[in-house]
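The analysis underlying the following values was restricted to heavy atoms, covering all of them including side chains, and did not include hydrogens, waters or symmetry mates.
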Amino acid sequence: MDTDLVRSAMRGDERAFTEIVNSVADRFLGVAHRILRDAVLAEDAVQQALLSAWRDLPDLRDPAKFDGWSYRLLIRACYMEARKRNRWHPTTIVRSIAEPTAPDLIGGIIERERLERGFERLSVDHRSVLILSYYLDLPSEQVAEALDIPVGTVYSRLHRAQQALRGALEADGRATDLSAPPQAIE
């Protein structure tokens, strides 16, 4: 983020803040949607994070740290929205923009669906660390800053999130195998 733009917004410049919002809104919505798995909750979390940013921006010590600080606000807003609803009912599924290039399009669609179901089974903590690390491709130090946790915790949470996702995918695979009709023995 342009530090001069952040400094202007810190002094109350509404145009500068509007520029900041325009540059981060889509990315924030994508992150929130991937964490919360619900479009309405994601929109609420983004709105809450941006309101908090406007309110707390004058207190930001280092304009160069705006990105990490703003992600922390977003993650906190996602956690608050997740607590509001004990049980999520996904209304939409986030799909990759890129279509499968393999000749077996059905196989690619099935694999994405398996990943979606596995991802839905993860906790908000696990989804958050995976989204920040892999979707946003943030270095571990920035993930730690955004989640307000030590870097070592990022590594362990990321490891546990990967294990949980792997376990969910394996469980989904076993459930799919059980629902298939029995094979004839020759």
Side-chain angles (χ1 to χ4, degrees), residues 1 20-21 23-57 59-60 65-97 110-176:
M1 182 62 57
I20 291 170
V21 167
S23 70
V24 301
D26 288 340
R27 191 175 25 180
F28 272 27
L29 190 57
V31 168
H33 194 213
R34 283 170 174 79
I35 291 171
L36 295 168
R37 317 307 294 163
D38 182 287
V40 174
L41 290 177
E43 289 172 0
D44 289 348
V46 169
Q47 183 177 14
Q48 187 59 43
L50 293 174
L51 284 171
S52 295
W54 175 249
R55 183 187 63 235
D56 298 339
L57 191 57
D59 298 329
L60 179 64
K65 299 210 175 210
F66 176 82
D67 287 334
W69 174 79
S70 64
Y71 280 125
R72 187 170 342 148
L73 294 176
L74 177 63
I75 298 300
R76 285 181 185 162
C78 287
Y79 277 50
M80 285 190 323
E81 290 301 321
R83 280 192 289 271
K84 285 181 184 178
R85 283 208 186 154
N86 291 336
R87 187 178 173 120
W88 295 305
H89 299 287
T91 55
T92 59
I93 296 175
V94 177
R95 301 253 187 253
S96 170
I97 294 174
I110 291 170
E111 189 61 27
R112 276 194 308 231
E113 288 297 322
R114 281 187 66 232
L115 284 171
E116 283 293 327
R117 285 192 305 271
F119 204 70
E120 286 174 10
R121 292 179 183 159
L122 298 178
S123 69
V124 174
D125 286 338
H126 287 160
R127 282 190 289 230
S128 298
V129 75
L130 286 171
I131 294 301
L132 293 172
S133 296
Y134 294 116
Y135 176 68
L136 291 177
D137 199 26
L138 293 179
S140 298
E141 294 78 21
Q142 286 183 343
V143 173
E145 183 180 344
L147 295 175
D148 201 21
I149 58 176
V151 175
T153 304
V154 169
Y155 292 127
S156 64
R157 198 175 283 179
L158 189 56
H159 178 72
R160 287 191 183 102
Q162 291 167 335
Q163 285 181 320
L165 182 58
R166 191 174 298 116
L169 292 174
E170 288 171 1
D172 188 47
R174 284 190 302 271
T176 303

message = Are more than 12 heavy atoms, taken from residues, nucleotides or ligands other than Arg72, located less than 6.0 Å from that residue's CZ atom?
response = yes
message = A quick test of your reading: do over 12 heavy atoms of other residues, nucleotides or ligands sit less than 6.0 Å from CG of Asp26?
response = no
Could you check whether any side-chain N or O of [X] sits under 3.5 Å from a backbone N or O of [Y], counting only pairs where one atom can act as donor and the other as acceptor?
X	Y	answer
Ser23	Ile20	yes
Arg34	Gly30	yes
Ser52	Gln48	yes
Arg114	Leu169	yes

request  = Supply the atom-to-atom distance Gln142 CD to Asp67 CG, rounded to the nearest 0.5 angstrom.
outcome  = 7.0 Å
note = When rounded to the nearest 0.5 Å, the distance separating CG of Leu41 from CD of Glu81 is 5.5 Å
Taking the side chain as everything from C-beta on, heavy atoms only, tell me whether [X] gets closer than 4.5 Å to [Y].
X	Y	result
Leu73	Leu50	no
Arg37	Arg127	yes
Leu138	Tyr71	yes

message = Test salt bridge (Lys or Arg N to Asp or Glu O under 4.0 Å) on Asp125 and Arg160; report intermediate values, then the result.
response = CA-CA 10 Å; Asp125 286 338; Arg160 287 191 183 102; over 6 Å; no
request  = Show your reasoning for whether side-chain contact (heavy atoms from CB on, under 4.5 Å) applies to Ser128 and Leu147.
outcome  = CA-CA 8 Å; Ser128 298; Leu147 295 175; 4.0 Å; yes
inquiry  = Assess whether a salt bridge exists between Asp44 and Lys84, defined as any Lys/Arg side-chain N lying under 4.0 Å from an Asp/Glu carboxylate O.
reply    = no
